[in-house]
Q: 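Let me begin by handing over the structure; questions about it come next.
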Amino acid sequence: MERIEATIETSMFEDVLCVRMSRVLDGKPLYWVACYLVDGLLVDTGCSHTAHELVSFLEDKEINAVVNTHFHEDHIGANSLLAKRRKVPAYAHPASIPLMEHGFHLYPYQEVVWGIPEPCTALPVPDTIETCRYRFSVIETPGHSEGHICLFEPEKGWCFTGDLFSRENPKFIRPEENVADMVRSLRMIDRLPSERLVLFTSLGRIVEDGRAAVANCIKYLEELSRKVHGLAGSGLDEQGIVERIFGGEHLFASLTDGQYTSLNLVRSILKTAS
Ligand SMILES: [Zn+2]
């Protein structure tokens, strides 16, 4: 079998080890994904193309449990290998578990960039997860997908956001994403009770002023929704709205087999009453 070339980069933020991983194609990283190890808790496991590198890297590190923020292929890729080698339990939202066990449709671009994850099992995630030194609250945060959770450590103000937050101004989404749910979930994160909020995103970006970033993202999505409904009210169709606001589709739309589009963003907004 062809061995996929992959690379890993690591960094520390306070007590959190950030592991960024990517398939390497033509000598270059293709697309970074991240997982985090904190006090024996592994949050997400990257994609299947990087599973061997990740599990080797983690060989001498303590892992007592895995939590998957959601079932997507770039978050559960090393679960199966970790279960075999380390015998640690994995936890996920109950709606994610059947999709982790039985798989789901992947587009060709997903197979190239991340690979097809081996089926894996998980236990329903409890409301809180305690490690030796920390206590993480599990927050249900649909929007990017069903069965999506964030983990929050109130003493430290750390929040592991999975794919709920990756940038302040998303311009394209997948067809199954829901903007209204996204805004509701972001508001929950915004109201988390801690002095500061540090976001650990699934691309490996750590946002130290997480509160401002989340507030900006909510504001952006609310303003975008007003604009989209306004243009629809004046008679413009979905495609026309995409042209007017975004100047057409981003290159990402064609690179992702038409999955990540601004049209999906506009459609999701129009499904909700203004
Ligand atoms: Zn995802």
Side-chain angles (χ1 to χ4, degrees), residues 18-23 30-36 42-51 54 66-80 90-120 122 125 138-151 159-186 188-189 199-205 207 214 217 221 250 252-253 255-261 264-265 268:
C18 169
V19 184
R20 292 170 79 229
M21 304 153 269
S22 174
R23 177 179 183 176
L30 194 55
Y31 192 92
W32 292 102
V33 295
C35 68
Y36 297 96
L42 183 64
V43 183
D44 286 330
T45 67
C47 62
S48 72
H49 284 335
T50 55
L54 177 66
V66 172
V67 173
N68 296 107
T69 56
H70 60 302
F71 64 90
H72 282 163
E73 69 284 358
D74 45 336
H75 296 258
I76 65 161
N79 274 46
S80 161
Y91 298 94
H93 187 283
S96 271
I97 295 172
L99 294 153
M100 293 165 68
E101 289 177 347
H102 306 301
F104 51 95
H105 177 74
L106 288 178
Y107 287 83
Y109 81 93
Q110 292 170 297
E111 289 185 35
V112 171
V113 179
W114 299 297
I116 305 169
E118 272 186 42
C120 53
V125 69
V138 174
I139 304 147
E140 205 170 330
T141 46
H144 169 73
S145 74
E146 288 303 311
H148 189 290
I149 56 167
C150 294
L151 292 182
C159 188
F160 298 87
T161 53
D163 279 341
L164 172 66
F165 175 90
S166 52
R167 50 166 59 224
E168 292 179 21
N169 55 346
K171 293 185 166 59
F172 32 81
I173 60 171
R174 301 211 270 206
E176 63 274 22
E177 295 190 65
N178 182 309
V179 174
D181 283 348
M182 232 179 258
V183 170
R184 269 191 289 275
S185 292
L186 286 167
M188 265 191 277
I189 300 300
L199 309 180
F200 296 83
T201 72
S202 66
L203 303 183
R205 186 177 150 224
V207 184
V214 168
C217 188
L221 289 172
H250 194 269
F252 230 64
L255 290 176
T256 58
D257 304 325
Q259 285 297 290
Y260 273 95
T261 66
N264 289 333
L265 189 54
S268 176

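Both counts, for ligands and for their atoms, begin at 1 and track the order of listing. Here the structure is a predicted model, which is why all the values come from computation and not from measurement.
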Q: Relative to the ring of F104, is the ring of F71 parallel (under 30°), tilted (30 to 60°) or perpendicular (over 60°)?
A: perpendicular

Q: Test your reading of the model: is there a side-chain donor-acceptor pair from T161 to the backbone of L164, 3.5 Å cut-off?
A: no

Q: Identify which protein N/O/S atoms are less than 2.8 Å from the Zn ion (ligand 1).
A: H70 NE2, H72 ND1, H144 NE2, D163 OD2

Q: Would you check, one step at a time, whether the test side-chain hydrogen bond (donor to acceptor under 3.5 Å, both in side chains) holds for T45 with N79?
A: CA-CA 6 Å; T45 67; N79 274 46; 2.8 Å; yes

Q: Using every non-hydrogen atom in the two residues, find where G147 and A95 come nearest and quote the distance to one decimal.
A: CA-CB, 3.8 Å

Q: With under 30° as parallel and over 60° as perpendicular, where do the rings of H144 and H70 fit, or are they tilted in between?
A: perpendicular

Q: Would you call the rings of H250 and F172 parallel, tilted or perpendicular, where under 30° means parallel and over 60° means perpendicular?
A: tilted

